[in-house]
Amino acid sequence: MHLVRDTGGDDLASRVHRSHGGGASAADLRRLEYFGRLWVLAVVASTVAVAAIVAAPVRAAEPDPPATVNGRIIEDWEIERELAAKIATGSFHRRVSDERLAELRCESLRAVVLKELKLQWARGRNVEVDSTAEENAWQEMRARFSSADQFQAALELKGMSEGALRRAFHRDSVSVAVDERVVSDVAPPTDTQVEVWFLLHEDDYMTPEARRVVHVLVHVPPSADRDEWAAAEARAEDLARSVAAGEGSLMESASAELASLPPKFRDQVGDIGFVHRGSLAPAIDEAVFSAEIGSVAGPVATIYGYHVLQVLELRKPQPLELADVRAAVEDRIIRESSQRRQADFEAELLAGAAVEIGMSECSETF
């Protein structure tokens with residue numbers, strides 16, 4: 001369980017500021033995303049070469065390739081590689097429905113087509129690529145094989161060549177570099193633009209609702225048997241019942257439980273101050289934010305035992321001042337302007353290219 005303390009004196013403005021992207025420029029965020037994505041694609045590439053990328057059948061062979069881009073054929077494994085990266089970063093244990101898998105496959109096709117167009121656009125335009133990051137990602141992928149022979153056998157299994165896979169890595173790097181170049185001249189917003197934006201989106205810049213909570217844990221050790229769990233549940237229910245009946249405060253009634261807790265739990269119980277939605281373990285969070293002020297919530301069972309909670313106070317959402325979140329507002333304006341610029345650029349690339357889509361189920365994606 002993770003508990004977040006907030007006694008009322010913390011800097012909520014800075015907390016919300018960070019949640020809206022403060023502390024890093026839009027360029028910094030894009031670069032962090034780039035390094036992360038190259039790493040993911042490096043890992044995925046080895047998975048592609050060893051076996052099937054995802055727990056789904058490979059698309060049946062068709063007379064036409066998935067796509068051609070200005071005459072350059074896009075192959076199935078390129079779509080699968082992109083698809084695997086999307087699933088690895090966007091789902092839990094790669095569990096996706098058939099419907100979502102079909103959507104992701106079409107999104108992957110579009111992504112590969114756009115990367116190919118950006119690679120072709122970059123030729124002769126002196127686009128600077130982070131070759132070190134690209135090489136590190138490539139070596140990370142190669143290191144996942146025990147030998148060069150195993151690597152070559154894996155490539156043959158998927159019907160790809162080392163040169164084609166290396167070209168895909170380079171295309172990833174070039175695509176990111178092109179994106180950075182396209183948005184590099186997005187100007188920072190003026191003071192007036194920031195002020196107008198803040199007025200139009202002021203509901204996005206609020207301190208969240210917070211509740212002051214007393215928390216008691218009736219601990220159950222990992223080695224406990226069924227009888228010990230039942231006894232702990234009964235103690236927790238008696239505790240909750242007595243406090244709800246007005247027979248003393250939760251802290252007073254739980255003194256025996258507090259004294260018997262292992263040291264690592266002692267700083268997570270008692271009056272834990274104000275907590276925001278999402279700062280507690282999900283089951284506890286739901287109990288706390290569903291309870292009436294002054295009421296007792298629980299017992300709530302977790303792997304640690306039974307939790308009894310009492311909500312003492314409510315602190316309603318409060319609007320933040322522009323001065324507290326100006327940097328976050330500026331970054332958000334730049335980020336959205338950059339996204340529009342990139343979307344316009346990609347639309348121009350598609351409009352000016354000869355793109356043939358062989359996956360008919362994805363025609364609406366373009």
Salt bridge (Lys or Arg N to Asp or Glu O under 4.0 Å) evaluation trace for E237 with R241: CA-CA 6 Å; E237 289 175 345; R241 190 163 35 247; 5.2 Å; no
Pair I333-E330, side-chain contact (heavy atoms from CB on, under 4.5 Å): steps then yes or no: CA-CA 5 Å; I333 294 173; E330 291 176 351; 5.8 Å; no
L119 and H170: CA distance, side-chain angles, deciding distance, side-chain contact (heavy atoms from CB on, under 4.5 Å) verdict: CA-CA 9 Å; L119 177 65; H170 182 61; 4.1 Å; yes
Pair V311-E292, side-chain contact (heavy atoms from CB on, under 4.5 Å): steps then yes or no: CA-CA 7 Å; V311 181; E292 297 290 334; over 6 Å; no
side-chain contact (heavy atoms from CB on, under 4.5 Å) assessment of E156 paired with F151: CA-CA 9 Å; E156 292 176 7; F151 176 58; over 6 Å; no
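Within the 4.5 Å cutoff, the side chain of F169 has heavy atoms near those of the R81 side chain. Between R100 and D98, every side-chain heavy-atom pair lies at or beyond the 4.5 Å cut-off. At a threshold of 4.5 Å between non-hydrogen side-chain atoms, the residues L309 and V216 do not count as touching. For the pair K115 and V174, the minimum side-chain heavy-atom distance is 4.5 Å or more. At least one side-chain heavy atom of I74 sits less than 4.5 Å from a side-chain heavy atom of R72. Taking the side chain as every heavy atom from C-beta outward, E78 and M160 never approach each other to under 4.5 Å. For the pair L217 and H215, the minimum side-chain heavy-atom distance is below 4.5 Å. Between V213 and E313, every side-chain heavy-atom pair lies at or beyond the 4.5 Å cut-off.
Without hydrogens or angle criteria, Q152 side chain to S161 main chain gives no donor-acceptor distance under 3.5 Å. Checking side-chain atoms of D285 against main-chain N and O of R277 turns up no donor-acceptor pair under 3.5 Å. Checked by atom type and distance alone, the side chain of D271 never pairs as donor or acceptor with a backbone atom of V214 at under 3.5 Å. Formation of a donor-acceptor pair under 3.5 Å by the R125 side chain with backbone atoms of W121 is found in this model. E228 places a side-chain N or O within 3.5 Å of a backbone atom of D225 that can act as its donor or acceptor partner. Judged by distance alone, with hydrogens and angles left aside, the side-chain atoms of S175 form no donor-acceptor pair with the main-chain N or O of D172 at under 3.5 Å. Between the S290 side chain and the A287 main chain, no donor and acceptor come within less than 3.5 Å of each other. The closest donor-acceptor contact from the side chain of E202 to the backbone of F198 lies at 3.5 Å or more, if one exists at all. Looking only at distances, no side-chain donor or acceptor of S279 sits under 3.5 Å from a matching main-chain atom of V275. With hydrogens and angles ignored, the 3.5 Å screen pairs a side-chain donor or acceptor of R211 with a backbone N or O of V288.
Between the CD1 atom in I79 and the CG atom in L109 there is a gap of 4.5 Å [rounded to 0.5 Å]. Here the CH2 atom belonging to W197 is positioned 5.0 Å from the CZ atom belonging to R332, to the nearest 0.5 angstrom. Of the inter-residue distances, the one linking D185 atom CG with R341 atom CZ reads 4.5 Å to the nearest 0.5 angstrom. Put simply, OH on Y306 and CD on E233 are 4.0 Å apart, with the number rounded to the nearest 0.5 Å. The CZ atom of R171 lies 10.0 Å from the CG atom of L165; values are rounded to the nearest 0.5 Å. Between the CG atom in L101 and the CG atom in L83 there is a gap of 5.5 Å [rounded to 0.5 Å].
Other residues, nucleotides and ligands contribute over 12 non-hydrogen atoms within 6.0 Å of the CD1 atom of I293. For Q139, the CD atom is densely surrounded, since the number of other residues' heavy atoms within 6.0 Å is greater than 12. Residue E135 places its CD atom among more than 12 non-hydrogen atoms of other residues, nucleotides or ligands, all under 6.0 Å distant. Remark: R226 CZ is loosely packed, at most 12 non-hydrogen atoms of other residues, nucleotides or ligands lying under 6.0 Å away.
Residues V243 and V218 do not share a hydrophobic cluster, clusters being chains of Ile/Leu/Val/Met/Phe/Trp/Tyr side chains in contact below 4.5 Å. Residues F366 and F345 are members of one and the same hydrophobic cluster, defined by side-chain heavy-atom contacts under 4.5 angstrom among Ile, Leu, Val, Met, Phe, Trp and Tyr. In terms of hydrophobic clustering, with Ile, Leu, Val, Met, Phe, Trp and Tyr side chains grouped at heavy-atom distances under 4.5 Å, I272 and L314 are assigned to a common cluster.
Considering every non-hydrogen atom in both T365 and R110, the closest pair reads O-NH1, 3.0 Å. Among all heavy-atom pairs drawn from R181 and S184, the shortest one is O-OG, 2.8 Å. Contact detail for V220 and G305: the closest heavy-atom pair is CG2-CA, 3.7 Å. The nearest pair of heavy atoms linking A187 to I334 is O-CG1, 4.5 Å. The two residues W77 and G159 have their closest heavy-atom pair at CD1-O, 4.3 Å. The shortest non-hydrogen separation linking V308 to A236 is CG2-O, 3.7 Å.
Between E361 and R105 there is no salt bridge, since no side-chain nitrogen of the basic residue lies less than 4.0 Å from a carboxylate oxygen of the acidic one. In summary, R144 and E140 engage in a salt bridge, as defined by a charged side-chain N under 4.0 Å from a carboxylate O. The existence of a salt bridge linking K118 and E346 is confirmed by a sub-4.0 Å separation between a basic side-chain nitrogen and an acidic carboxylate oxygen.
Side-chain atoms of R335 and S338 form no donor-acceptor pair, as typed in the model, at a separation below 3.5 Å. With hydrogens and angles left out, the side-chain atoms of S173 and E134 include a donor and acceptor closer than 3.5 Å. Between the side chains of E209 and H276, no donor N or O sits under 3.5 Å from an acceptor N or O.
Of the residues E162, E75, E116, the one that meets the salt bridge (charged side-chain N to carboxylate O under 4.0 Å, His left out) test with R167 is E116. If you run side-chain contact (heavy atoms from CB on, under 4.5 Å) between V194 and each of L199, V329, V325, only V329 comes through.
Cation-pi contact between R315 and F274: present, with separation from the ring centre below 6.0 Å and deviation from the ring axis of at most 45°.
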